[in-house]
J.: 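Take this structure, written in structure tokens, and hold onto it; I'll ask about it next.
Everything numeric here is computed off the predicted structure, so don't read it as measured data.
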Amino acid sequence: MLSLVELFYLVGLLIGVGFLLGVLERYSNKFLFKAFGPRGVLATAWIGTPIHELGHLLQCFIWGHRVTRVRFLQLKSPNGVLGYVEHQYNAGSIYHQIGNFFIGMGPIFSGIGALIFGMYLLVPESYQSFREYIVHYVTTDLQNSNDLMVMGNSVLTITKSLFTFKNLFNPLFWIFLVLAVCISSHIALSKADINGSAKGLLMIFFVLFIMNLVTGLVGIDTYTFIVGLTKYNAYVLAFSSIAFLFSLMTLLISYILYKLKSGW
């Protein structure tokens with residue numbers, strides 16, 4: 001039970017973010033498909049899918065997996081798969097096994113990273129406002145950060161800094177908006193991604209279980225250390241808020257297009 005609780009503290013929030021983004025993406029693509037057919041989904045795949053696959057690829061390199069084949073984008077796949085990264089690893093390596101979790105979650109990291117980098121390049125004033133929020137309200141008050149408040153305030157900060165009267169007349173803002181919608185439309189995990197992550201999650205639990213078994217025998221408290229370590233979850237929520245915001249926007253836009261196409 002202790003190992004399960006520690007596992008939840010370590011990666012539970014990240015899994016929750018992935019699940020939430022997956023739900024939003026699924027409904028967005030459903031409305032786009034109903035409105036425009038396969039073309040509706042493909043319209044956002046030109047940038048969203050390569051960034052999704054890049055997330056897998058980078059994590060393969062970090063965790064030492066051997067990449068055997070990569071397709072960043074394929075528009076005419078017979079099974080509907082828009083892209084993939086095939087990789088091999090040593091099943092006897094704990095490090096490689098744990099890596100499966102992060103490789104599967106890779107698109108969340110690359111998607112959020114691409115959104116923040118796009119904001120930095122195209123709407124730097126909005127990026128600066130978000131950065132100041134992170135520094136002043138998350139980093140400086142990490143011990144007292146409330147998860148829901150961090151997420152809510154992050155979304156509010158990004159919204160207020162992006163959707164300004166000045167930005168409405170800034171062409172770079174509209175370019176960023178299009179890119180952000182495309183990226184957020186393909187940030188969620190596929191079934192194959194989830195299955196791969198599950199393998200790594202089991203290995204993380206196994207490592208925690210063995211660690212607790214050994215430290216319990218010598219009277220070392222690992223729970224306090226794990227809870228203290230997971231203060232980074234405040235950053236996970238803060239950075240995830242940008243993906244959450246644009247996923248909601250994508251859902252709203254796709255729903256409106258679907259209604260307009262179907263005659264409201």
J.: Under a 3.5 Å distance rule, please check whether N167 uses its side chain to pair with a backbone N or O of F163 as donor and acceptor.
T.: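 It does not hold such a pair.
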
J.: Run the side chain to side chain contact (heavy atoms under 4.5 Å, CB included) check on Y84 and H56 step by step: do they pass?
T.: CA-CA 9 Å; Y84 60 85; H56 292 311; over 6 Å; no

J.: For a 4.5 angstrom cut-off between non-hydrogen side-chain atoms, does L251 reach F31?
T.: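 Yes; the side chains approach each other to less than 4.5 Å.
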
J.: Side chains of F244 and V17: does their closest heavy-atom pair fall under 4.5 Å?
T.: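 The answer is no, as the side chains (C-beta and beyond) never meet within the 4.5 Å cut-off.
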
J.: Quick one, T250 with S184, criterion side-chain hydrogen bond (donor to acceptor under 3.5 Å, both in side chains). Give me CA distance, side-chain angles, the key distance, then yes/no.
T.: CA-CA 7 Å; T250 303; S184 62; 3.0 Å; yes

J.: Check residues 101-124 and write down every donor-acceptor pair under 3.5 Å in which the side-chain atom is one partner and the other belongs to a residue at least two apart or another chain.
T.:
unit_1: S110; atom_1: OG; unit_2: I51; atom_2: O; d: 2.8
unit_1: S110; atom_1: OG; unit_2: G55; atom_2: N; d: 3.4
unit_1: S110; atom_1: OG; unit_2: G106; atom_2: O; d: 3.4
unit_1: S110; atom_1: OG; unit_2: P107; atom_2: O; d: 3.3

J.: Find out if a path of hydrophobic residues (ILVMFWY) with successive side-chain heavy-atom gaps under 4.5 Å connects V23 to I183.
T.: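 Shared cluster, yes.
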
J.: Are L4 and V207 linked, directly or through other ILVMFWY residues, by side chains that come within less than 4.5 angstrom of each other?
T.: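 Cluster IDs for L4 and V207 match.
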
J.: Does a sphere of radius 6.0 Å around OH in Y95 hold more than 12 heavy atoms from other residues, nucleotides or ligands, not counting ones at 6.0 Å or beyond?
T.: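 Check passes, neighbour count above 12.
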
J.: How long is the straight-line distance from CD1 of I15 back to OG of S197, given to the nearest 0.5 Å?
T.: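 Separation between the atoms: 8.0 Å.
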
J.: Starting from F8, can I reach F206 by hopping between I/L/V/M/F/W/Y residues whose side chains sit under 4.5 Å apart?
T.: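 Different hydrophobic clusters.
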
J.: Among all residues two or more places apart in sequence or in another chain, which pass the side chain to side chain donor-acceptor pair (under 3.5 Å) test with N100?
T.: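 Only Y89 meet the side chain to side chain donor-acceptor pair (under 3.5 Å) criterion with N100.
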
J.: Got more than 12 heavy atoms from elsewhere within 6.0 Å of OH, Y27?
T.: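 At most 12 heavy atoms, drawn from other residues, nucleotides or ligands, come within 6.0 Å of this atom.
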
J.: Any donor and acceptor pair, going by atom type alone, linking the side chain of W174 with main-chain N or O of L168 inside 3.5 Å?
T.: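 Yes; at least one donor-acceptor contact below 3.5 Å.
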
J.: Can you find a heavy atom in the side chain of K30 that is under 4.5 Å from one in the side chain of Y258?
T.: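 When only atoms from C-beta onward are counted, Y258 and K30 do not touch, as no gap falls below 4.5 Å.
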
J.: When you compare the side chain of V178 with that of I47, does any pair of heavy atoms fall below 4.5 Å?
T.: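 Side-chain contact under 4.5 Å: no.
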
J.: Does F173 have its ring centroid less than 6.0 Å away from the ring centroid of F169?
T.: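 When the ring centroids of F173 and F169 are compared, they turn out to be at least 6.0 Å apart.
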
J.: Quick one, F246 and I187 - any side-chain contact, counting heavy atoms below 4.5 Å?
T.: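 Side chain of F246 against side chain of I187, heavy atoms only: no contact under 4.5 Å found.
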
J.: If two hydrophobic side chains count as joined below 4.5 Å and joins carry through other members, does V85 share a cluster with I194?
T.: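 V85 and I194: separate clusters.
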
J.: Is a donor on one side and an acceptor on the other found under 3.5 Å between the side chain of S126 and the backbone of S161?
T.: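 Yes: the side chain of S126 pairs with the backbone of S161.
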
J.: Please examine the side chains of D193 and H52, heavy atoms only from C-beta on, and report whether any two atoms are closer than 4.5 Å.
T.: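 Answer yes - side chains close enough.
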
J.: What residues, two or more places apart in sequence or in another chain, satisfy side chain to side chain donor-acceptor pair (under 3.5 Å) together with T44?
T.: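 For T44 the side chain to side chain donor-acceptor pair (under 3.5 Å) partners, ignoring immediate neighbours, are H186.
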
J.: Give a yes or no answer on whether the side chain of E25 reaches the backbone of A188 with a donor-acceptor pair at less than 3.5 Å.
T.: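 Flag set: sc E25 to bb A188 pair under 3.5 Å.
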
J.: Is there a path of hydrophobic side-chain contacts, each under 4.5 Å between heavy atoms, that joins L58 and W63?
T.: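 Shared cluster, no.
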
J.: Working to the nearest 0.5 Å, report the span between OG1 of T49 and CG of L73.
T.: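 Answer rounded to 0.5 Å: 5.5 Å.
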
J.: Any side-chain heavy atom of R66 sitting closer than 4.5 Å to one from T68?
T.: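 Answer yes - side chains close enough.
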
J.: Within a 6.0 Å radius of atom CD1 on I94, are there more than 12 heavy atoms belonging to other residues, nucleotides or ligands?
T.: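 Incorrect, the count does not exceed 12.
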
J.: Roughly how far, to the nearest 0.5 Å, is NE2 of H87 from CD of Q59?
T.: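 Rounded to the nearest 0.5 Å, the CD-NE2 separation comes out at 11.0 Å.
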
J.: Got a donor-acceptor contact below 3.5 angstrom from the Q97 side chain to the A91 backbone?
T.: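 Flag set: sc Q97 to bb A91 pair under 3.5 Å.
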
J.: Can you classify the ring geometry of Y133 versus F130 as parallel (below 30°), tilted (30 to 60°) or perpendicular (above 60°)?
T.: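 Aromatic pair Y133/F130 classed parallel.
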
J.: Quick one: do L177 and L162 satisfy side chain to side chain contact (heavy atoms under 4.5 Å, CB included)? Show the steps, please.
T.: CA-CA 9 Å; L177 197 61; L162 276 175; over 6 Å; no

J.: With rounding to the nearest 0.5 Å, note down the distance linking CG in L21 to OG in S185.
T.: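 Atom-to-atom, L21:CG and S185:OG are 11.5 Å apart.
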
J.: What's the spacing between L57 CG and E53 CD if we round to 0.5 Å?
T.: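 It comes to 9.0 Å.
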
J.: Which distance, rounded to the nearest 0.5 Å, do you find between the OG1 of T159 and the CD1 of I242?
T.: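 Here the rounded value is 10.0 Å.
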
